[in-house]
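Note that these values count all heavy atoms, side chains included, but never hydrogens, waters or copies made by symmetry. Sequence positions, counted from 1, serve as the residue numbers for this chain.
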Amino acid sequence: MKREKFLLFSLVMFGMIFSPFDFSSAQAKPQQKTGNQYDAAAVIKLVTVRILDSLGRPVTTLQKENFTLFDNGKEQIITEFEVHTTEGDIRTVQSLDPQSKQTRVSSGMPRQFFLFFDIQGSDINGMTNAKEAALHFINTKLLSKDKVGIIGFAPMRGFFIQEYLTDDTQRIIHAIKKAKEVRPSDGELVGAGGDSVDRKAGKGTGGGSSTSMNTGSISTTTFGSADSSTNMPGTRFFQKQDFIPRMSDLAGALKHIPGTKNIILFSGRSVGSPVTSRLGKEFADASTPVYTVNTKNWIRQGIISLSVKKKHIYEDHPLKDLALASGGKYFADIEQIDTISEEIQNLTGNYYVLGYYVRENWDGAYHRIEVKVHKPDLEVYAQDGYFNPKPYSAYSDFEKELHLSDLLFSEHPSAPETRDITGGALHFYGGKEANVALLFSFAVDAKTSLPPGPVEFYVFLKNDKGETVKLDKGDMDLTPLDQKELGLYFLETLPEGEYKCRIVARNPESGQAAEGRIQFHCPGETDTTVRLSSPLLFSMGPECPLFRLSSRADTHETDQTASLKEIYQFFPKDKRLVIRTLSLDERTLLVVLPISIRTEEAPLIDFNVFIQSETEGEAFDVDGVILDVRELDSGTDIVLMEVALPELPPGNYRLTIEAKENDTPLHSVHRNITIR
């Protein structure tokens, strides 16, 4: 298409509908700190208490006056008191208002379950029964917003996380069915959903490519390499064969996950009772009762050469000691799935929460808790104690891995002080190596985002089937970029469909992290005569350093944005690349728009442009003018537009550009922006 044909184009007004990316990121209670030193603070300590009668039934009629609570032997004033009950699929909370002294009733907080499949400690039939029992519980007892994680232990795979905490029932069911042995290797990752990404082959089971990060002069390492300081569950570096030590690690890591947690352990493993009792105490300290389900329901009789399996229920078993010591319950017959589901539902859905004030010191010290009830013939199940929080630098390797899994896979990460990374997706036609670019940005600032210094980057991309398309790691030193906005991008070739991408940046010394996510649609090929690729937007402001997370591990690019420049051809040096956000005072945007026309005779095209608010739904006119057209050898031309934005209040918007001929829409593209 010749440039003079563009002179026939006219630029008019156009409107659009907003569809924001999901950037939600839950944050825990802010912590007072200076550098790596944390100050003591007055906080409310919450203790979960379950009361059972002589028949093992939950008791939910007690009042605050019936309880006495001791912390390290000192009686505490109970300031918070809640009764959590579950009946059918209805969950309620009754709490005492300290000021009015009246009882408030509200919907309860969601429960958190970890379904643990001990593949090493079960035979094939036992694991089949375990999955049947787990699916029965999920399908019949799971309540709205309950969160479930699927974890386990296998001979070769070691401890694994099949799916982190999620309230997506279909993802939970999928993860249960896919929990199995996976042979680990130096180059294999296993992400949420259980799909492996074979780094040596360069592609994942989800159908996408697995790539390593390379940013030229910025020092990076491929995930899983020998000098990588942090590894993921599912790699050989993380694999450990000893079940009990790994369970002990898990109990220690669960201390740092807030809320009510429960483990349903499916295992036929027989370990000495003193060991399992000690392990149960560790889970009690983490306020995590363990409900053990014995997957072994047979015994071998006869001499070895003629022995046969016969039905046998192990009423007394070391798994029972583990359950009771943790505050949970033991189920001897795995085939009684109705009873198992019903009792776990009753025990996990009916409990009290007692709260009292403590001075929280960041020293990791242990506090012994004792809860007494002034009623006879009642059993009290409460955590034996708790640990003061500790700095990230004092975390064990296992705790750091769980911290990372929380950031990568949880819908609402509980990791404290998690900052936001903004991002967006670009789709383009005619790319030589890719059809999608994913962009992210954050400020290198000790007060508002990540401080200068070393940082680990993790990228997790999956499709709408829950399959892992990309799971990668790289390292960077942010010291030279202090007080600058940093831009990152990577290129992918993706089939048509819906995708979710998450990026995590974490300081390996302090654990301070930033997390961002985008949800986007990758369109397929189109037979339209005009095809518009996603526009690049530029505004006034300092140039943003932009680094590529390269799919070519052996590439040493001196120009970090070369690949994106090959596609868009125009990166003005005196303007700022807009990845997501604009300031209120910005009124002018430079738009770089790739366009291809698939006919010999170019149509007469009008460009319609307008912007629409997400919250108000109101459309705003956008004025603009075509500044230049650059013709490329690939058959794609680049249109340079300048658009003038109206005065807009803060909020989320969608900017759309549509190509039309004689009022007939030919093709359109959009970009989501946030004005602050």
Quiz item: Atom CG of L577 and atom CZ of F538: how far apart are they, to the nearest 0.5 Å?
Solution: 5.0 Å

Quiz item: Considering residues, nucleotides and ligands other than D574, do more than 12 of their heavy atoms fall under 6.0 Å from its CG?
Solution: yes

Quiz item: So, S583 and E586: side-chain donor and acceptor under 3.5 Å apart, yes or no?
Solution: yes

Practice problem: Measure across N463 and V469 and return the closest heavy-atom pair with its distance rounded to 0.1 Å. | Solution: N-CG2, 3.9 Å

Practice problem: Search all heavy atoms of L478 against all heavy atoms of P452 and return the closest pair with its distance. | Solution: O-CB, 3.9 Å

Quiz item: Is any side-chain heavy atom of V459 closer than 4.5 Å to a side-chain heavy atom of C501?
Solution: yes

Quiz item: Side chains of V578 and L589: does their closest heavy-atom pair fall under 4.5 Å?
Solution: yes

Self-check item: Residues forming a ring pair (Phe, Tyr, Trp, His ring centres under 6.0 Å) with Y499, sequence neighbours excluded
Solution: F520

Self-check item: Electrostatic pair E525-R531, nearest N-O below 4.0 angstrom
Solution: yes

Quiz item: Which heavy atom in C544 sits nearest to a heavy atom in G487, and how many Å separate them?
Solution: SG-N, 3.4 Å

Quiz item: What residues form a side-chain contact (heavy atoms from CB on, under 4.5 Å) with E496, not counting sequence neighbours?
Solution: H521

Practice problem: Check the pair R506 / L404 against side-chain contact (heavy atoms from CB on, under 4.5 Å), numbers first and verdict last. | Solution: CA-CA 9 Å; R506 182 175 69 169; L404 176 60; 3.7 Å; yes

Quiz item: Looking only at heavy atoms, which two atoms of E661 and L604 are closest? And how far apart?
Solution: CG-O, 3.2 Å

Exercise. Can you spot which of L648, I673, L537 makes a side chain to side chain contact (heavy atoms under 4.5 Å, CB included) with L582?
Key: I673

Exercise. Using the side-chain contact (heavy atoms from CB on, under 4.5 Å) rule, take L593 and I638 through it: C-alpha gap first, then chi angles, then the decisive distance, then the call.
Key: CA-CA 6 Å; L593 178 68; I638 304 296; over 6 Å; no

Quiz item: Does some side-chain heavy atom of R502 sit less than 4.5 Å from a side-chain heavy atom of E515?
Solution: yes

Quiz item: Roughly how far, to the nearest 0.5 Å, is the CG atom of L655 from the CG atom of N672?
Solution: 9.5 Å

Practice problem: Mind listing the closest non-hydrogen atom pair of G423 and R580 along with its distance? | Solution: O-CD, 4.0 Å

Exercise. Please identify each residue that fulfils ring pair (Phe, Tyr, Trp, His ring centres under 6.0 Å) with F442, with sequence neighbours left out.
Key: none

Quiz item: Does any donor atom in the side chain of Y568 or R630 lie under 3.5 Å from an acceptor atom in the other side chain?
Solution: no

Quiz prompt | Check against side-chain hydrogen bond (donor to acceptor under 3.5 Å, both in side chains), R171 and Y164 | solution = CA-CA 10 Å; R171 283 173 57 185; Y164 201 70; over 6 Å; no

Quiz item: Could you walk me through whether E467 and K462 pass the salt bridge (charged side-chain N to carboxylate O under 4.0 Å, His left out) check?
Solution: CA-CA 5 Å; E467 298 170 329; K462 65 179 180 180; over 6 Å; no

Quiz prompt | Non-hydrogen side-chain atoms of L439 and L426 separated by less than 4.5 Å | solution = yes

Quiz prompt | Value rounded to 0.5 Å, distance of OH in Y392 from NZ in K400 | solution = 5.0 Å

Exercise. Start with the C-alpha distance between V455 and L450, add both sets of side-chain angles, then the distance that settles side-chain contact (heavy atoms from CB on, under 4.5 Å), and finish with yes or no.
Key: CA-CA 9 Å; V455 67; L450 288 182; 3.9 Å; yes

Practice problem: Decide whether N652 and T674 meet the rule of one side-chain donor and one side-chain acceptor closer than 3.5 Å. | Solution: yes

Practice problem: For the pair R517 (side chain) and I503 (backbone), establish whether a donor and an acceptor sit closer than 3.5 Å, ignoring hydrogens and angles. | Solution: no

Quiz item: Is a side-chain donor or acceptor of S449 paired with a backbone partner of A443 at a separation under 3.5 angstrom?
Solution: yes

Quiz item: Any idea how Y429 and H427 line up, ring-wise: parallel (<30°), tilted (30 to 60°), or perpendicular (>60°)?
Solution: perpendicular

Quiz prompt | Ring-face cation of K473 near F457 (centre distance under 6.0 Å, axis angle within 45°) | solution = no

Quiz item: Just by distance, with hydrogens left out, do S441 and T422 show a side-chain donor and acceptor under 3.5 Å apart?
Solution: yes

Quiz prompt | Ring centroid separation F547 to Y489 under 6.0 Å | solution = no

Quiz item: Can you check side-chain contact (heavy atoms from CB on, under 4.5 Å) on F428 and V436, steps first, answer last?
Solution: CA-CA 6 Å; F428 38 86; V436 170; 5.7 Å; no

Quiz item: Atom CD of E492 and atom CG of N435: how far apart are they, to the nearest 0.5 Å?
Solution: 9.0 Å

Quiz item: If we only count heavy atoms from C-beta on, is the R676 to L584 side-chain gap below 4.5 Å?
Solution: no

Quiz item: What closest approach, in Å, do H667 and V530 show between heavy atoms, and which atom pair accounts for it?
Solution: CB-O, 3.2 Å

Quiz item: How about K500: does its NZ atom have over 12 heavy atoms from other parts shown lying under 6.0 Å from it?
Solution: no

Quiz prompt | Side-chain H-bond candidate by donor/acceptor type, D477 with T479, under 3.5 Å | solution = yes

Self-check item: Straight-line distance of F620 CZ to E647 CD, nearest 0.5 Å
Solution: 11.0 Å

Self-check item: Non-hydrogen side-chain atoms of T664 and K660 separated by less than 4.5 Å
Solution: no

Exercise. Answer yes or no: is there a side-chain heavy-atom contact under 4.5 Å between L590 and F570?
Key: yes

Quiz item: Out of curiosity, E456 CD to L407 CG, how far, rounded to the nearest 0.5 Å?
Solution: 10.5 Å

Practice problem: State whether K178 and E163 are salt-bridged, where the test is any N-O pair (Lys NZ or Arg NE/NH1/NH2 against Asp/Glu carboxylate O) under 4.0 Å. | Solution: no

Quiz item: Does some side-chain heavy atom of L546 sit less than 4.5 Å from a side-chain heavy atom of L564?
Solution: yes

